[in-house]
Amino acid sequence: MRMESKVLLARIRAMTRSQSAHADAQLHVGNITLDSVSFALSSPSGSFRLANKEYQMMELLMRNPKNLIPTERFLERIWGYDSNTEINVVWVYISYLRKKLEALGANIQIKATRNVGYSLEERV
């Protein structure tokens with residue numbers, strides 16, 4: 001094989017890898033996309049750059065659509081086991097995310113199950 005062919009094949013493989021890595025960097029649920037590179041939560045009508053904790057919470061919800069995620073799991077995964085963060089911090093961040101989803105015209109919503117946790121559901 002000639003040197004030019006080897007270089008060309010290497011470039012093609014590199015481009016294919018970067019495109020598949022970028023595709024994996026985005027989560028889609030309903031009309032909402034979450035980009036792990038830019039921390040952008042977007043819909044056809046716009047986008048928001050999420051703060052780190054907001055991003056982590058939204059990622060957890062979008063990786064587990066329709067699954068109930070206990071409030072304690074948010075605390076453990078995002079703030080850590082040995083954190084003395086109060087549970088109402090989770091409520092505050094859920095409120096921020098709900099407002100952003102509403103502003104984006106999302107066809108999904110964060111549903112609360114009282115005293116248990118949250119799930120990402122389609123709007124009814």
Side-chain angles (χ1 to χ4, degrees):
M1 190 181 290
R2 295 181 53 188
M3 185 57 114
E4 296 88 17
S5 299
K6 289 181 181 180
V7 170
L8 180 61
L9 285 174
R11 287 183 180 170
I12 291 171
R13 279 193 290 272
M15 288 176 63
T16 306
R17 273 194 309 269
S18 68
Q19 287 174 351
S20 66
H22 186 66
D24 294 342
Q26 293 187 340
L27 294 171
H28 303 277
V29 177
N31 67 342
I32 296 296
T33 301
L34 183 66
D35 189 305
S36 68
V37 175
S38 65
F39 279 31
L41 182 68
S42 58
S43 74
S45 64
S47 70
F48 288 102
R49 186 182 187 294
L50 299 180
N52 186 38
K53 303 271 190 235
E54 288 176 315
Y55 171 80
Q56 290 178 60
M57 291 181 78
M58 197 67 206
E59 180 186 35
L60 188 56
L61 287 162
M62 289 182 76
R63 287 195 185 278
N64 301 284
K66 299 180 183 173
N67 292 334
L68 187 62
I69 300 169
T71 308
E72 292 77 23
R73 185 167 171 207
F74 285 111
L75 282 174
E76 292 168 359
R77 294 255 334 251
I78 297 166
W79 282 271
Y81 288 103
D82 52 353
S83 172
N84 56 2
T85 304
E86 298 288 328
I87 203 161
N88 61 349
V89 169
V90 174
W91 305 338
V92 169
Y93 278 91
I94 290 291
S95 173
Y96 294 159
L97 290 171
R98 283 178 168 156
K99 288 176 185 172
K100 289 177 180 172
L101 288 171
E102 184 72 29
L104 291 171
N107 62 2
I108 56 173
Q109 64 183 348
I110 300 172
K111 183 181 174 202
T113 302
R114 192 171 182 90
N115 297 323
V116 180
Y118 299 93
S119 57
L120 197 60
E121 309 273 332
E122 287 185 34
R123 270 192 200 280
V124 185

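Hydrogens, waters and symmetry mates are skipped; everything else that's a heavy atom, side chains included, is used.
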Inset, instruction - Please round to the nearest 0.5 Å and tell me the distance separating atom CD of Q26 and atom OG of S38. - result: 7.5 Å

Legend entry - Same apolar cluster (I L V M F W Y, side chains within < 4.5 Å links), L75/V116: no

Legend entry - R77 CZ: over 12 foreign heavy atoms closer than 6.0 Å: no

Donor-acceptor pairs are to be reported for all side-chain atoms of residues 81-91 against protein atoms at under 3.5 Å, with residues two or more places apart or in another chain.
residue: S83; atom: OG; partner: T85; partner atom: N; Å: 3.1
residue: S83; atom: OG; partner: T85; partner atom: OG1; Å: 2.5

Legend entry - Check ion pair K111-E122 (N to O, under 4.0 angstrom): no

Legend entry - Polar side-chain atom of N31 near backbone of G105 as donor-acceptor pair, under 3.5 Å: yes

Inset, instruction - To the nearest 0.5 Å, tell me how far D35 CG sits from L41 CG. - result: 10.5 Å

Legend entry - Any side-chain heavy-atom pair of K66 and L120 under 4.5 Å: no

Inset, instruction - For residues L27 and T33, determine if any side-chain heavy atom of one lies less than 4.5 Å from a side-chain heavy atom of the other. - result: no

Inset, instruction - Can you measure from CD1 (I110) to CG (L61) and round to the nearest 0.5 angstrom? - result: 5.0 Å

Inset, instruction - Drop me the distance from Q109's CD to S119's OG, to the nearest 0.5 angstrom. - result: 8.5 Å

Legend entry - Side-chain heavy atoms of Y118 within contact of L68, under 4.5 Å: no

Inset, instruction - List the atom of F48, the atom of K100, and the distance in Å for their closest heavy-atom pair. - result: CE1-O, 3.6 Å

Inset, instruction - Side-chain contact test, heavy atoms from C-beta onward, threshold under 4.5 Å: evaluate it for I108 versus R123 and give yes or no. - result: no

Legend entry - Y93 side chain reached by L50 side chain, heavy atoms, under 4.5 Å: no

Inset, instruction - Determine yes or no for a side-chain-to-main-chain donor-acceptor pair under 3.5 angstrom, with S36 supplying the side chain and A25 the backbone. - result: yes

Legend entry - Interatomic spacing from CD1 in I94 to CE in M58 - rounded to 0.5 Å: 8.5 Å

Inset, instruction - Say whether, by atom type as modelled, one donor and one acceptor occur between the side chain of S43 and the main chain of L104 under 3.5 angstrom. - result: yes

Legend entry - Within 6.0 angstrom of Y96 OH, more than 12 heavy atoms from elsewhere: no

Inset, instruction - Answer yes when R98 and E102 have at least one side-chain N-carboxylate O distance shorter than 4.0 Å, and no when they do not. - result: no

Legend entry - Check: A51 main-chain N/O paired with E54 side-chain donor or acceptor under 3.5 Å: yes

Legend entry - Distance, nearest 0.5 Å, that separates CD of E121 from CG of N67: 9.0 Å

Inset, instruction - Looking only at non-hydrogen atoms, find the nearest pair between I78 and K53 and report the distance. - result: CG2-CD, 3.4 Å

